[in-house]
Amino acid sequence: MKVLAICGSLRRGSYNRSLLRTTAALAPAGMEVEVVGIEGVPLFDEDLEKQGAPEAVANLRRKGKAADGLLFGCPEYNYGIAGPLKNAFDWLSRPDGEPRTPFVGRPVALLGASMSLIGTARAQLQLRQSLQGTGALTMPSPEVFVIRAQDKFDAEGTLTDQPTRDAVARLMAAFGNWIAKLKG
Ligand SMILES: Cc1cc2nc3c(=O)[nH]c(=O)nc-3n(C[C@H](O)[C@H](O)[C@H](O)COP(=O)(O)O)c2cc1C
């Protein structure tokens with residue numbers, strides 16, 4: 001079972017990227033997680049889209065189609081989805097010549113890390129709402145909100161907080177079941 005984990009932050013030392021790397025390390029047996037970034041994705045513009053998907057978008061689409069499930073690492077900016085992630089999401093939500101958006105019926109999960117005491121809860125809620133608009137089948141629970149990320153990761157980006165590691169492992173196990181259930 002393949003999961004594509006999309007990091008919504010462009011920051012080199014991103015906590016959300018480190019969190020996704022942790023999901024790969026703690027994934028259940030039989031699940032392979034590939035962590036990808038959204039570097040190089042231009043600002044969405046329908047005129048640009050008419051000229052064909054930019055390479056960075058086409059690459060994410062290809063990998064997304066080949067995956068059994070999509071996982072978003074969702075940063076929070078100003079009480080909402082970080083702009084770069086929403087922009088990449090808007091690109092990926094487009095039908096790209098097919099009759100329906102590529103998210104229809106796809107198993108999706110999300111999690112996020114932030115430096116505040118809210119742990120991206122507001123941004124995740126907004127992303128869930130946007131996912132609903134695309135027809136994605138977003139796993140309702142468990143949810144993972146990593147609060148005060150600066151205290152939970154070491155300088156190398158390793159998630160050192162054991163209760164948080166346990167929560168990530170639970171989410172990944174549940175996502176494996178969610179994907180299997182939806183595949184029927
Ligand atoms: C423009 C901006 C707005 C932010 N707003 C929030 C916020 O509303 N809530 C929050 O928890 N953190 C907020 N932060 C702090 C982020 O949680 C922090 O920068 C975090 O490291 C971003 O995720 P990353 O490490 O994956 O890049 C904000 C950061 C920036 C740059």
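Both ligands and their constituent atoms are indexed starting at 1 by order of listing. Because the structure is predicted, anything quoted here is derived from the model rather than measured. As a basis for the values below, the full set of heavy atoms in this structure was taken, side chains included, without hydrogen atoms, waters or symmetry mates.
Remark: R94 engages E46 in a salt bridge, criterion side-chain N to carboxylate O under 4.0 Å. Salt-bridge formation is detected for the pair E39/R17: a Lys NZ or Arg NE/NH1/NH2 atom is positioned less than 4.0 Å from an Asp or Glu carboxylate oxygen.
Residue contact check: R122 has heavy atoms under 4.0 Å from atoms 9 (N) of ligand 1. For ligand 1, the atoms lying closer than 4.0 Å to a non-hydrogen atom of Y79 are 7 (C), 8 (O). Against a heavy-atom cut-off of under 4.0 Å, I118 is close to the following atoms of ligand 1: 11 (O). Of all atoms in ligand 1, listed by their number and element, those nearer than 4.0 Å to a heavy atom of Y15 are 21 (O), 24 (P), 25 (O), 26 (O). For ligand 1, the atoms lying closer than 4.0 Å to a non-hydrogen atom of S116 are 10 (C), 11 (O).
In this structure, R11 satisfies the cation-pi test against Y15, with its NZ or CZ atom closer than 6.0 Å to the six-membered ring centre and inside 45 degrees of the ring normal.
Considering N16, N78, L20 only, the shortest heavy-atom separation from atom 1 (C) of ligand 1 involves N78.
A 4.5 Å side-chain heavy-atom check between T138 and L110 finds at least one atom pair inside the cut-off. Within the 4.5 Å cutoff, the side chain of F103 has no heavy atoms near those of the L137 side chain. Looking at N16 and L85, their side chains never come closer than 4.5 Å, going by heavy atoms from C-beta outward. The shortest side-chain heavy-atom distance between L92 and R61 falls under the 4.5 Å cut-off.
Considering only non-hydrogen protein atoms, atom 29 (C) of ligand 1 sits nearest to Y77 CD2, 3.7 Å. Nearest protein heavy-atom neighbour of atom 27 (O) of ligand 1: S9 OG, 2.7 Å. Protein heavy atom closest to atom 18 (C) of ligand 1, with residue, atom name and distance, is M115 SD, 3.7 Å. With respect to atom 6 (C) of ligand 1, the closest heavy atom belonging to the protein is E76 O, 3.2 Å.
In this structure, a donor-acceptor pair under 3.5 Å is absent between the side chains of N59 and E55.
Using a 4.0 Å heavy-atom cutoff, R17 is absent from the residues neighbouring ligand 1.
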